[in-house]
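Written out below as structure tokens is the structure these notes cover.
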2 protein chains.
Amino acid sequence: MADHTISRRRLLGTAGATGLALGAAGGAAGYAAASSDSSDSTGGSRAALTSLGTDEVMFHGKHQPGITTPVQSRGHLIAFDLAPGAGRTEAAALLRRWSTTAKRLMAGEPVAGADTDIALDAGPSALTVTFGFGHGFFRRTGLEKQRPAALDPLPDFSSDRLDKSRSGGDLWVQIGANDPLVAFHALRALQREAGAAAKVRWQMNGFNRSPGATARPMTARNLMGQIDGTNNPKPSDDDFNKRIFVPEKADGTDPAWMAGGSYAVVRRIRMLLDDWEKLATKAQEDVIGRRKADGAPLTGGTETTEMKLEKTGAGGRLVVPLNAHARITRPDQNGGAAMLRRPFSYHAGFDAKGEPDAGLLFICWQADPLKGFVPVQRKLDRGDALSEFIRHEASGLFAVPGGAGSGEYVGQRLLEG
Amino acid sequence: MADHTISRRRLLGTAGATGLALGAAGGAAGYAAASSDSSDSTGGSRAALTSLGTDEVMFHGKHQPGITTPVQSRGHLIAFDLAPGAGRTEAAALLRRWSTTAKRLMAGEPVAGADTDIALDAGPSALTVTFGFGHGFFRRTGLEKQRPAALDPLPDFSSDRLDKSRSGGDLWVQIGANDPLVAFHALRALQREAGAAAKVRWQMNGFNRSPGATARPMTARNLMGQIDGTNNPKPSDDDFNKRIFVPEKADGTDPAWMAGGSYAVVRRIRMLLDDWEKLATKAQEDVIGRRKADGAPLTGGTETTEMKLEKTGAGGRLVVPLNAHARITRPDQNGGAAMLRRPFSYHAGFDAKGEPDAGLLFICWQADPLKGFVPVQRKLDRGDALSEFIRHEASGLFAVPGGAGSGEYVGQRLLEG
């Protein structure tokens with residue numbers, strides 16, 4: 001985890017003293033970027049001061065950025081399919097171009113050639129760019145033998161209402177930044193560089209709380225008003241690396257090129273907010289099993305207090321109902337499965353019926369989707385009280401290789417292996 | 001202009017010392033909110049320190065908030081039509097509900113009844129809510145005699161490609177905040193309170209640079225990479241109030257209930273970025289008449305230097321071409337017309353052709369649209385070099401009444417007049 005430092009930089013131009021001023025007080029775990037003296041980019045549980053524009057995340061490292069980086073306030077997801085006729089050579093050239101550009105963008109520098117100038121006045125704003133490969137990528141590039149078994153299609157879930165045109169893709173790019181123009185600038189630069197090699201398949205925009213909007217050391221809140229991500233594994237956990245990242249030394253499960261990589265499951269989860277908001281707060285809390293205000297279990301304590309699964313209340317009923325979302329998703333109820341959830345909220349206006357097209361761009365990271373996402377989702381599929389208020393509308397599963405070493409591009413070990 | 005102070009507040013909950021810490025260095029005019037000791041909410045040209053979450057804009061005042069308030073990083077526009085059967089009584093009740101809620105939201109307080117809790121941990125984050133009335137509102141409420149002449153439909157422009165379903169509306173609400181969840185919380189609360197009285201007609205999302213992403217004292221940049229808004233009138237200008245606001249004492253032009261109000265022209269201006277970005281920077285600068293890097297006129301100086309309209313260069317050609325956008329829009333070339341531009345950028349993904357559905361949610365404010373927006377747009381319509389790179393896709397014109405006094409609701413002087 002010690003490979004992505006976030007540094008402070010002077011803003012380009014006339015920043016002077018103000019460019020180095022201490023930023024908004026950001027005590028919120030998951031929002032505040034780590035300060036420059038830290039070798040831990042995840043922020044974790046400690047408070048950190050951050051100046052929004054000057055935060056810089058390093059491109060090179062053991063792992064790609066954007067996995068353990070504190071979640072940013074603005075995100076873009078974009079998937080591409082390789083163009084007809086484009087194969088391994090074109091894909092390698094594209095990943096090389098993209099890596100060069102991602103490194104420049106993350107340093108707050110203009111891209112080579114004609115820059116759009118959209119980000120010209122801003123600092124790096126904690127920009128991260130993360131690249132992944134979908135199932136189809138390996139067939140298109142003649143690299144089927146290198147395709148990880150972990151990329152086998154996810155099982156069908158009964159609650160899925162998947163739109164294929166917004167699912168999957170040969171290539172996936174995740175962009176996050178604490179400034180919307182910096183994020184859009186990166187999206188546009190990377191999309192243009194796809195050139196004739198790849199075509200946009202789908203694209204989604206997301207957001208999270210702005211750094212500084214809250215001073216509470218609290219996990220993110222979603223558009224249902226819930227604190228979301230309480231049980232996320234922490235980089236300080238002994239088994240964090242093992243659960244989230246493919247080992248750096250091959251253990252026979254994954255191909256060697258995935259060393260230090262991870263698998264991302266991406267789900268566009270629509271929230272049926274009109275229905276949800278008709279429930280009283282107490283009824284919402286029974287669906288989740290936690291208090292809305294502070295995320296504490298209904299059995300008491302604070303957000304991080306262990307849930308008392310057997311505790312009963314009036315009439316001998318379980319205080320946390322059997323179908324409560326937080327009960328079902330507890331790692332110790334799922335064979336120790338753990339995934340790192342790093343989502344963005346989304347809101348794409350209203351649909352034809354006048355209902356909000358809003359919810360969660362759920363992104364979770366794990367060393368093995370069959371141990372991380374799948375068993376939890378299977379359980380949710382059978383008995384989660386939350387399921388009647390959400391709808392999975394799109395899905396993706398991507399192999400995200402380890403970070404590029406100095407002079408290397410992302411995916412080089414696959415494409416030139 | 002002295003009526004909307006922005007104050008600092010402790011964040012709710014456990015903020016303590018961090019809630020009052022100085023925020024990201026925000027020297028950027030138009031981004032940084034004024035500090036608490038200022039009676040001028042517009043920020044203007046002076047640098048100010050701001051803690052993003054704690055900034056609060058006052059609901060009550062001579063003018064509504066969200067007009068001279070520094071533009072926020074997140075915005076929602078939503079238009080409603082009154083429901084069949086809803087008339088003046090229902091409209092008055094709705095504006096009363098909305099005003100009560102807007103005041104609470106802007107103070108960072110939960111709304112009455114069931115709050116969605118989406119904004120629970122955050123401060124007000126400079127939230128503003130602004131209400132306007134469209135042409136149809138007056139017929140539906142039997143108040144046609146009170147309809148301002150200024151609401152007469154805008155003339156057709158040859159470059160218009162207007163989508164009626166995303167244009168107009170009986171009621172218009174503008175929401176801005178420096179936190180995306182605070183903005184969404186407000187959108188959702190106000191939309192729910194419309195209840196049976198009004199139905200969503202259209203809704204759009206926008207964004208601007210985050211406070212703190214840049215330390216340069218610079219005007220906003222749009223998705224074409226241009227500095228945008230250089231010639232905006234400043235509240236310190238002698239004639240600012242006269243140009244932007246309806247006089248507080250009736251002068252016979254506007255109905256009395258519009259005292260202290262303003263007219264908003266809203267245009268969804270799609271940018272044809274694929275075409276635009278094919279131009280070299282020099283060609284783009286000729287289209288605009290200003291340098292991309294710093295917004296200075298092509299005839300030299302800095303962003304605020306007067307453009308030398310007659311200056312010629314090689315071959316005797318004008319340095320600023322006759323059809324340059326910045327030449328055409330200069331107030332002194334348009335009978336002194338002036339409007340206050342306060343836009344958001346938008347990006348709604350890619351269209352079916354794979355082109356970005358992105359551009360500007362252009363919002364301009366003026367005491368009289370026939371003196372502000374219309375003459376400038378007429379000129380642009382005839383000979384603006386920029387016109388082949390943009391497309392007006394939606395349009396709205398709204399009468400925005402003056403701010404509510406203490407104990408009053410917005411529009412009360414119309415609805416109970």
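Side chains included, hydrogens not; waters and symmetry mates left out as well; all remaining heavy atoms used. As the structure is a prediction and not an experimental result, all values here were calculated from the model. So you know, we letter chains A, B, ... as the sequences are listed, proteins then strands, and number each from 1.
Looking at Asn222(B), the atoms closer than 4.5 Å to chain A (heavy atoms on both sides) all sit in the backbone: N, CA, C or O. In this structure, chain B has no heavy atom under 4.5 Å from any part of Leu279(A). Only the side chain of His76(B) comes within contact range of chain A, with at least one heavy atom under 4.5 Å from a heavy atom of that chain. Looking at Ala358(B), only its side chain comes within 4.5 Å of chain A, counting heavy atoms on both sides.
Looking only at heavy-atom pairs under 4.5 Å with chain B, the residue among Met204(A), Gln203(A), Glu277(A) that has the most is Glu277(A). No other option in Pro180(A), Gly349(A), Ser125(A) has as many heavy-atom pairs under 4.5 Å with chain B as Pro180(A). Note on Leu223(A), Thr116(A), Ile78(A), Asp179(A): by heavy-atom pairs under 4.5 Å with chain B, the leading option is Asp179(A). Across Arg192(A), Arg188(A), Lys292(A), Gln226(A), the residue that shares the most heavy-atom pairs under 4.5 angstrom with chain B is Arg188(A). No other option in Lys199(A), Gln191(A), Gln284(A) has as many heavy-atom pairs under 4.5 Å with chain B as Gln191(A). Residue with the most contacts toward chain A among Leu187(B), Leu273(B), Thr281(B), Asp115(B): Leu273(B) (heavy-atom pairs, distance under 4.5 Å).
Looking at every heavy atom in both residues, Leu181(B) comes nearest to Ser345(A) through CD2-OG, 4.5 Å. Nearest approach of Ala119(B) to Arg209(A), heavy atoms of both residues: CA-NH2, 3.6 Å. Heavy atoms only, all atoms of each residue included: Leu52(A) and Ser210(B) are closest at CD2-CB, 4.0 Å.
Applying the ring pair (Phe, Tyr, Trp, His ring centres under 6.0 Å) rule to Tyr346(B) yields no partners; only residues at least two apart in sequence or on another chain are considered.
Ring geometry for Phe184(B) against His347(A) counts as perpendicular: the plane angle is over 60°, on a 0 to 90° scale with 30° as the lower cut.
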